[in-house]
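Numbers restart at 1 for each chain; the letters A, B, ... are given by sequence-line order, proteins then strands. Owing to the predicted nature of the structure, the values given are computational and were not obtained by experimental measurement.
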Amino acid sequence: MRWAVAVTAEGTALLCPLDGRGRAAGPVAAEPDVARAVAERTASGSVTRWVWRSTAQVYPRLLEAGVRVERCHDTEACEALLLGREGRWGEPRSLSAAWARLRRAPVPEDPPLRAADRQPSLFAPGPVPLPPGTDPLEALLEVYAGQLRRVEAAGHPERMRLLLAAESAGTLVAAEMNRAGVPWRADVHRELLRELLGESYPGGEPTRLAQLAEEVSRAFGPGARVRPDLPADVVRAFARDGIRLSSTRAWELRKIDHPAVAPLLRHKTLYRLHTAHGRSWLRTWVRDGRFRPEYVPGGSVTGRWTSNGGGALQIPKVVRRAVVADEGWRLVVADADQMEPRVLAAVSRDRGLMEVAGSGRDMYSVLSDRAFGGDRDRAKLALLGAVYGQTSGDGLRHLADLRRRYPAAVAYVDEAARAGEEGRLVRTWLGRTCPPAAAREEDFGDGGAGPPETDAQGPSGGGAARARGRFTRNFVVQGSGADWMLLVLASLRQSLAGTRAELVFFQHDEVIVHCPAQEAEAVVEAVRAAGERAGRAAFGETPVRFPFTTAVVECYADAK
DNA sequence: TTCTTTAGCGCC
DNA sequence: AAAGGGCGCTAAAGAA
């Protein structure tokens with residue numbers, strides 16, 4: 001049975017069981033302690049899903065008390081998905097806002113999801129308050145019942161139900177991972193910094209960076225002083241040597257033949273390490289042997305997660321040396337094989353591509369054997385070009401080959417692109433909906449104002465419309481992949497329940513489980529099973545396989 | 001001085 | 001080989 005739980009302003013709990021339509025099916029209980037109230041009902045096994053305002057509001061205090069739940073319905077996460085599905089993307093998602101809409105009352109704004117957009121403050125924003133005197137459980141029930149009705153009104157109610165369940169499960173995983181943290185050896189990290197950057201003193205430049213800056217300067221002639229970390233400085237220096245640069249991006253520098261290039265590129269890499277993952281990062285984000293980022297499920301519009309602080313989803317390869325399992329424990333690092341091409345096969349139902357994705361083999365190799373004369377790189381380029389909206393180069397030619405052999409697959413993403421260019425909405429397989437163009441106008445150039453971009457204009461219209469098309473083309477694949485991966489997480493989390501293994505890291509198509517060494521093989525099997533189960537759950541009976549590459553390691557850096 | 005934007009690069 | 005989809009973060013540059 002489903003139960004609803006609301007936390008009052010005083011921090012106490014109001015709970016009641018629910019019927020199938022989300023109405024109270026029993027008396028309301030008022031209890032002083034949320035964690036205890038939930039724990040007691042969870043232990044009895046009578047609760048299959050907890051309905052609450054948001055996981056972020058309720059679950060951390062449960063975890064603090066050692067209480068885990070199996071399933072939940074996060075009304076705020078679900079509200080965002082439902083609003084999108086209804087073409088009302090961007091309306092506030094808070095419970096208070098949803099309740100106000102039902103009552104036709106003034107709708108309060110949401111606080112920004114991203115910490116970077118929030119006012120600097122010591123405290124994360126609390127929940128958007130309900131009007132004074134409102135019973136939080138009644139508001140929760142009203143909103144929840146309304147959401148159940150809206151699910152039924154959606155195009156594919158069964159898919160929408162699955163999507164809401166998956167997103168909610170994701171919020172549970174995120175809260176648990178926030179709490180667990182990534183095992184992190186600060187001593188290994190510091191040693192690595194010393195090796196690569198040399199000695200560094202507080203406030204000073206690491207010795208290796210200073211040396212490289214010297215080398216760069218020398219390469220521009222005696223007496224020259226060029227600071228590699230100042231792009232304008234670098235552009236000027238090259239100009240003096242007769243080389244014109246439009247930027248100092250690494251790929252542009254690599255095209256140039258000049259003695260300054262090599263030390264400059266090296267400096268870029270190390271400077272980046274120093275500023276983004278150096279000692280100050282270590283001090284800020286690593287405590288008690290754990291790196292604790294804050295995950296934001298659904299933080300990006302495609303359904304991918306983002307993170308606040310610490311750059312959790314951009315940990316450079318070299319730094320992964322510092323991610324080390326506890327004594328006697330292992331890291332199971334699992335990477336979904338060619339997630340996006342497999343998802344494209346599943347959603348487009350292209351017979352040929354489904355067959356390619358139907359073996360456990362590397363998809364690009366199979367594809368290259370069949371259509372690209374054994375050239376795996378070309379096959380990969382063609383497929384990624386189709387998904388990303390390649391506009392020029394060899395990839396475009398390869399795309400034509402792909403279109404001939406796998407017409408339904410290419411037509412699927414082409415149609416998504418056309419929809420975007422024409423200002424229509426697109427959705428993932430489960431119904432996650434892309435934001436309308438207007439909501440993202442600032443991301444797509446001038447939005448129609450100003451002079452036309454002559455060189456960027458093609459047969460399909462202006463640069464903004466085509467950028468929109470690339471976005472929607474990518475959205476249907478990247479987003480459906482994100483939906484599938486959420487189901488993987490949910491399934492994996494269920495099978496790890498009751499063991500000592502814990503999810504500690506998740507990055508788009510990759511997940512890390514930290515577990516006792518003797519549990520590692522069981523975790524590997526659990527990942528494999530979760531991938532297949534998620535595939536069937538999301539896409540129904542499909543020949544497409546969803547394999548993972550897994551590695552059981554003590555150190556993250558050894559996984560690939 | 002303080003705030004916002006830009007350049008650049010890390011990850012998928 | 002070219003520079004396309006999604007993000008976050010830092011320091012410098014520019015604006016106020």
When the distance from [atom1] of [X] to [atom2] of [N] is rounded to whole Å, what number comes out?
X: E294(A); N: dC9(C); atom1: CD; atom2: P; value: 10 Å
X: L383(A); N: dA1(C); atom1: CG; atom2: P; value: 20 Å
X: R473(A); N: dG5(C); atom1: CZ; atom2: P; value: 11 Å
X: E205(A); N: dA11(C); atom1: CD; atom2: P; value: 13 Å
X: N308(A); N: dC7(C); atom1: CG; atom2: C1'; value: 12 Å
X: H398(A); N: dA2(C); atom1: NE2; atom2: C1'; value: 13 Å

Got a second to check how far [X]'s [atom1] is from [Y]'s [atom2], nearest 0.5 Å?
X: L212(A); Y: T269(A); atom1: CG; atom2: OG1; answer: 9.5 Å
X: L264(A); Y: Y271(A); atom1: CG; atom2: OH; answer: 12.5 Å
X: H508(A); Y: Q478(A); atom1: NE2; atom2: CD; answer: 8.0 Å

Is the ring pair [X]/[Y] parallel, tilted or perpendicular, if the boundaries are 30 and 60 degrees?
X: F539(A); Y: F546(A); result: parallel
X: F291(A); Y: W285(A); result: perpendicular
X: H189(A); Y: W184(A); result: tilted

Return yes if some donor-acceptor pair links the side-chain N/O of [X] with the main-chain N/O of [Y] below 3.5 Å, else return no.
X: H267(A); Y: E215(A); answer: no
X: R361(A); Y: A357(A); answer: no
X: D509(A); Y: M485(A); answer: no
X: S491(A); Y: V488(A); answer: no
X: T284(A); Y: S280(A); answer: yes

(request) Of all the heavy-atom pairs spanning P341(A) and L353(A), show the shortest one and how long it is. (result) O-CD2, 4.3 Å
Mind listing the N/O atom pairs, protein and nucleotides 13-16 of chain C, below 3.5 Å?
none

(message) Counting only side-chain heavy atoms from C-beta out, which of dC7(C), dA12(C), dG5(C) sits nearest to R227(A)?
(response)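 Out of dC7(C), dA12(C), dG5(C), the nucleotide with an atom closest to R227(A)'s side chain is dA12(C).
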(request) Counting heavy atoms from C-beta on, name the nucleotide in dA12(C), dG5(C), dG8(C) closest to the side chain of R470(A). (result)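 When the side chain of R470(A) is considered, dG5(C) is the closest of dA12(C), dG5(C), dG8(C).
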(request) Shoot me the first and last contacting nucleotide of DNA chain B against chain A, ordered 5' to 3', at under 4.0 angstrom to non-hydrogen atoms. (result) dG8(B) to dC12(B)
(message) Can you tell me if R304(A) touches the phosphate of dC7(C), counting only side-chain N or O atoms and a distance under 4.0 Å to OP1 or OP2?
(response) no
(message) Side-chain N or O of T302(A) versus OP1/OP2 of dG6(C): is the shortest distance under 4.0 Å?
(response)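 Checking T302(A) against dG6(C): no side-chain N or O falls below 4.0 Å of OP1 or OP2.
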Base, sugar-phosphate, or nothing: which does [X] touch, judged by heavy atoms less than 4.0 Å apart?
X: L384(A); answer: nothing
X: Q507(A); answer: sugar-phosphate
X: R378(A); answer: nothing

(message) My understanding is that a pair needs two contacts under 3.5 Å, Watson-Crick or G-U wobble. By that rule, which nucleotide pairs with dA3(C)?
(response) none
(request) For DNA chain B, find the residues of residues 249-282 of chain A with a heavy-atom distance under 4.0 Å and give them by number; none if there aren't any. (result)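 The stretch gives R249(A), A250(A), K268(A), R272(A) as the residues lying under 4.0 Å from the strand, ordered by number.
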(message) I'd like to know if Q314(A) reaches the base of dG8(C) with its side chain, counting only an N/O donor and acceptor under 3.5 Å.
(response)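 Side chain to base: pair present.
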